[in-house]
Amino acid sequence: MPENIAEPLLKWYDKNKRILPWRDKDNAYYTWVSEIMLQQTRVEAVKPYFQRFIQELPDVAALAAAPEERIIKLWEGLGYYSRVRNMQKAAVQVMEEYGGRMPEDFETLLSLKGIGRYTAGAIASIAYGKKVPAVDGNVLRVYARLTENRGDIMKQSVRKSVENDLTGQMSEDRPGDFNQAMMELGAVVCVPNGAAKCEECPLGHFCLARKHGTVEELPVKAPKKARTIEQRTVLVIQDGVGTAIRKRPDTGLLAGLYELPNVEGHLTEKAALARVKAMGLEPLRIEALPDAKHIFSHIEWRMCAYRIAVSSLEEAPQGEFLFVDKRESDKKYAIPSAFRTYTRYMKEENS
DNA sequence: AACCCGGGGAT
DNA sequence: ATCCCAGGGTT
């Protein structure tokens, strides 16, 4: 690691930093919320979610007191839903143990649910000016190229040595800006996909990968496991008033979110009708809907679907099912993006 | 150390 | 199709 990257880096940052809703706000809660949302998620995707979240839950106390269904709804479509559940647990902890004030110390932040080494460093440095590194994917990429380090950046050993090196680089001056500048550089100049903009880089003079023409080869990461493919059949079950949805189990994929009923495998019309009867419903008509595909990071769903009209049962609520109209669903229930093709078929309220 | 956990944009 | 994103928790 070359000496004195801080000065050119900060100079570049001051001139080129993007204006972001959570940036330069001097509010540790804003820093916290933004950092959690930004985990594995691009800035442009986060912006509208951040604004809406802060507007409804403007401080730690509001987050701690919010109903779970509501925070999940505010997170709907962002993915990795345990992020917001953990954040709320931490908010309760901050209220009870720290009087509602976000801790400033790295180790204390690290003890909170959902806050790991990166996020603790980000909050401590950005919100409180502590001299601690915040090493994310951007920083690892910049570092690997700058030093031409061919170690697997996913390994803890590499990450730990990056943290040590950076701590030596940071001045007491502006640790938060230093960390943000490293990330900003990775996000807009030393980019992950496509050609890095080395001619714009304030550290180009120091960069070993640039010097040796190896920028495209770095960073090195171990190959990831292939996705498994699952076939599913989605059932858009409708009675006189609405469409059936149900709550998913509280563990595993999309835990605790709502979904359209669906079963494993690609069912024929006949098999789908039989399945609906087995659910205690009386089918009246069936119609095939278009196929759809949804890709998670580790699973791919290949879906077929049927719209099935069933007779309304005035008495006895349908166990696990909720029959809702689209407006009520949109307002109250968080349904993951995987079902988007089929939630379009949900019934509108009669009027 | 390996695996689980979403969704979407860029190439 | 592939990559990867301002990662963290669990086992």
Side-chain angles (χ1 to χ4, degrees), chain A residues 13 17-18 20-23 30-50 72 75-87 89-90 109-127 133-142 152-159 176-188 190-196 216 219-229 248-257 259 293-301 334-340:
Chain A
Y13 180 69
K17 69 178 174 184
R18 292 167 292 178
L20 302 176
W22 49 86
R23 179 164 278 172
Y30 287 13
T31 306
W32 183 25
V33 172
S34 67
E35 291 300 343
I36 300 298
M37 286 187 172
L38 286 162
Q39 289 171 7
Q40 300 300 102
T41 310
R42 291 184 158 69
V43 165
E44 290 308 314
V46 166
K47 282 179 180 173
Y49 282 91
F50 178 81
I72 297 294
W75 213 264
E76 181 183 31
L78 253 193
Y80 287 145
Y81 299 92
S82 65
R83 289 185 290 176
V84 70
R85 288 199 178 93
N86 286 335
M87 189 164 58
K89 284 178 193 163
L109 288 165
L110 198 53
S111 74
L112 297 174
K113 273 288 184 195
I115 297 185
R117 295 187 66 78
Y118 163 74
T119 306
I123 296 172
S125 64
I126 296 170
V135 178
D136 73 334
N138 288 310
V139 177
L140 287 167
R141 181 172 57 258
V142 170
D152 183 344
I153 62 167
M154 298 305 285
K155 289 189 180 299
Q156 286 186 9
S157 54
V158 173
R159 186 205 162 110
D177 284 344
F178 179 91
N179 286 332
Q180 292 188 81
M182 286 290 287
M183 294 188 271
E184 192 83 352
L185 192 62
V188 305
C190 198
V191 292
N193 298 314
E216 303 290 323
V220 173
K221 294 179 79 165
K224 46 180 99 166
K225 212 179 67 173
R227 273 190 291 273
T228 61
I229 295 175
R248 291 178 60 85
D250 61 8
T251 59
L253 185 68
L254 302 169
L257 276 73
E259 66 178 2
K293 178 172 71 170
H294 184 82
I295 299 173
F296 302 95
S297 30
H298 54 304
I299 302 170
E300 176 174 334
W301 279 358
I335 300 178
S337 302
F339 297 97
R340 175 147 323 145

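Chain naming here is simple, since letters A, B, ... match the order of the sequence lines and numbering starts at 1 in each.
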Notebook entry, point to check: Taking CG from A/Leu253 and C1' from B/dC3, how many angstroms apart are they, rounded to a whole number?
Noted result: 14 Å
Notebook entry, point to check: When you compare B/dG6 with C/dC4, how far apart are their C1' atoms, in angstrom units rounded to a whole number?
Noted result: 13 Å
Note to self: Using a 4.0 Å heavy-atom cut-off, does A/Val46 contact any base of the nucleic acid, only the sugar-phosphate backbone, or nothing at all?
What the structure shows: nothing
Next item on the list: To the nearest Å, give me how far apart CD1 (A/Ile153) and C1' (C/dG7) are.
Entry: 13 Å
Notebook entry, point to check: Going by distance alone, is a donor N or O of one side chain under 3.5 Å from an acceptor N or O of the other, for A/Gln39 and A/Tyr118?
Noted result: no
Next item on the list: In whole angstrom, give the distance that lies between atom CG of A/Leu140 and atom C1' of C/dC5.
Entry: 13 Å
Check: A/Gly77 near the nucleic acid: base, sugar-phosphate alone, or nothing, with a heavy-atom cut-off under 4.0 Å?
Finding: sugar-phosphate
Note to self: So if I take every side-chain heavy atom of A/Asn193 and compare against B/dT11, B/dG7, C/dC5, which nucleotide ends up nearest?
What the structure shows: B/dT11
Next item on the list: Check whether any side-chain N or O of A/Arg83 sits under 3.5 Å from a backbone N or O of A/Gly114 as a donor-acceptor pair, and report yes or no.
Entry: no
Notebook entry, point to check: Can you tell me how far P of B/dG7 sits from CH2 of A/Trp75, to the nearest Å?
Noted result: 13 Å
Margin query: If I take atom CE in residue A/Met37 and atom P in nucleotide C/dC5, what distance separates them, rounded to the nearest angstrom?
Written below: 20 Å
Notebook entry, point to check: Is the phosphate of B/dC4, meaning OP1 or OP2, less than 4.0 Å from a side-chain N or O of A/Ser297?
Noted result: no
Item checked: Whole-Å C1' distance, C/dG8 and B/dG9 -> 23 Å
Check: Checking all strands, does A/Tyr80 fall into the base, sugar-phosphate, or nothing category for heavy-atom contacts under 4.0 angstrom?
Finding: base
Next item on the list: Determine the contact category for A/Thr41: base if any of its heavy atoms lies under 4.0 Å from a base atom, sugar-phosphate if only primed atoms, P, OP1 or OP2 are that close, otherwise nothing.
Entry: base
Next item on the list: Take atom CG of A/Leu38 and atom P of C/dG8, then tell me their distance rounded to the nearest Å.
Entry: 12 Å
Note to self: Strictly below 4.0 Å: does A/His298 bring a side-chain N or O up to OP1 or OP2 of B/dC3?
What the structure shows: no
Note to self: Side chain of A/Arg340 only, heavy atoms from C-beta on: which candidate in B/dG7, B/dG8, C/dG8 is closest?
What the structure shows: B/dG8
Note to self: Measure CD/A/Glu216 against P/C/dT2 and give the value in whole Å, please.
What the structure shows: 19 Å
Notebook entry, point to check: What distance, rounded to whole Å, do you find between the two C1' atoms, one in C/dG9 and one in B/dG8?
Noted result: 23 Å
Margin query: Measuring from the side chain of A/Gln40 (C-beta onward, heavy atoms only), which nucleotide among C/dG8, B/dG6, B/dG8 has the closest atom?
Written below: B/dG6
Note to self: Counting the atoms with a prime plus P, OP1 and OP2 as sugar-phosphate, which does A/Arg141 contact under 4.0 Å by heavy atoms, base, sugar-phosphate, or nothing?
What the structure shows: sugar-phosphate
Notebook entry, point to check: Of all the choices, C/dC5, B/dG7, C/dA6, which nucleotide is nearest to the side chain of A/Lys221 once you look at every atom?
Noted result: C/dC5
Note to self: Between A/Glu76 (side chain only) and A/Ile335 (backbone N and O only), is there a donor and an acceptor less than 3.5 Å apart?
What the structure shows: yes
Next item on the list: Using atom CZ of A/Arg83 as one end and atom P of C/dC5 as the other, report the distance to the nearest whole Å.
Entry: 14 Å
Note to self: Given B/dG7, C/dC4, C/dA6, identify the nucleotide with an atom nearest to the side chain of A/Tyr81.
What the structure shows: B/dG7
Notebook entry, point to check: Taking the side chain as C-beta and beyond, is there a heavy-atom pair between A/Leu254 and A/Phe296 under 4.5 Å?
Noted result: yes
Next item on the list: Look at all strands and tell whether A/Arg85 reaches a base, only sugar-phosphate, or nothing, counting heavy atoms closer than 4.0 Å.
Entry: nothing
Next item on the list: Consider the side chain of A/Leu254, meaning its heavy atoms from C-beta on, and name the nucleotide among B/dG6, C/dG8, C/dA6 that approaches it most closely.
Entry: B/dG6
Checklist line | A/Ile126 side, atom CD1; A/Trp22 side, atom CH2 - distance, nearest 0.5 Å | finding: 11.0 Å
Next item on the list: From the options C/dT10, B/dG8, C/dG7, select the nucleotide whose nearest atom is closest to the side chain of A/Arg42.
Entry: B/dG8
Note to self: Need one value for A/Leu20: base, sugar-phosphate or nothing, where a base atom within 4.0 Å counts as base even if backbone is also close, heavy atoms only.
What the structure shows: base
Checklist line | Touch class at under 4.0 angstrom, heavy-atom based, for A/Lys224 against every strand present | finding: base
Check: Can you check whether A/Lys113 has a side-chain N or O nearer than 4.0 Å to OP1 or OP2 of C/dT10?
Finding: yes
Check: Between B/dC4, C/dA6, C/dG9, which nucleotide has the shortest distance from any of its atoms to the side chain of A/Asn86?
Finding: C/dG9
Next item on the list: Choose from C/dG7, C/dG9, B/dG7 the nucleotide whose nearest atom is closest to any side-chain atom of A/Gln39.
Entry: C/dG7
Next item on the list: Using a heavy-atom cut-off of under 4.0 Å over every strand shown, decide if A/Ser34 touches base, sugar-phosphate, or nothing.
Entry: nothing
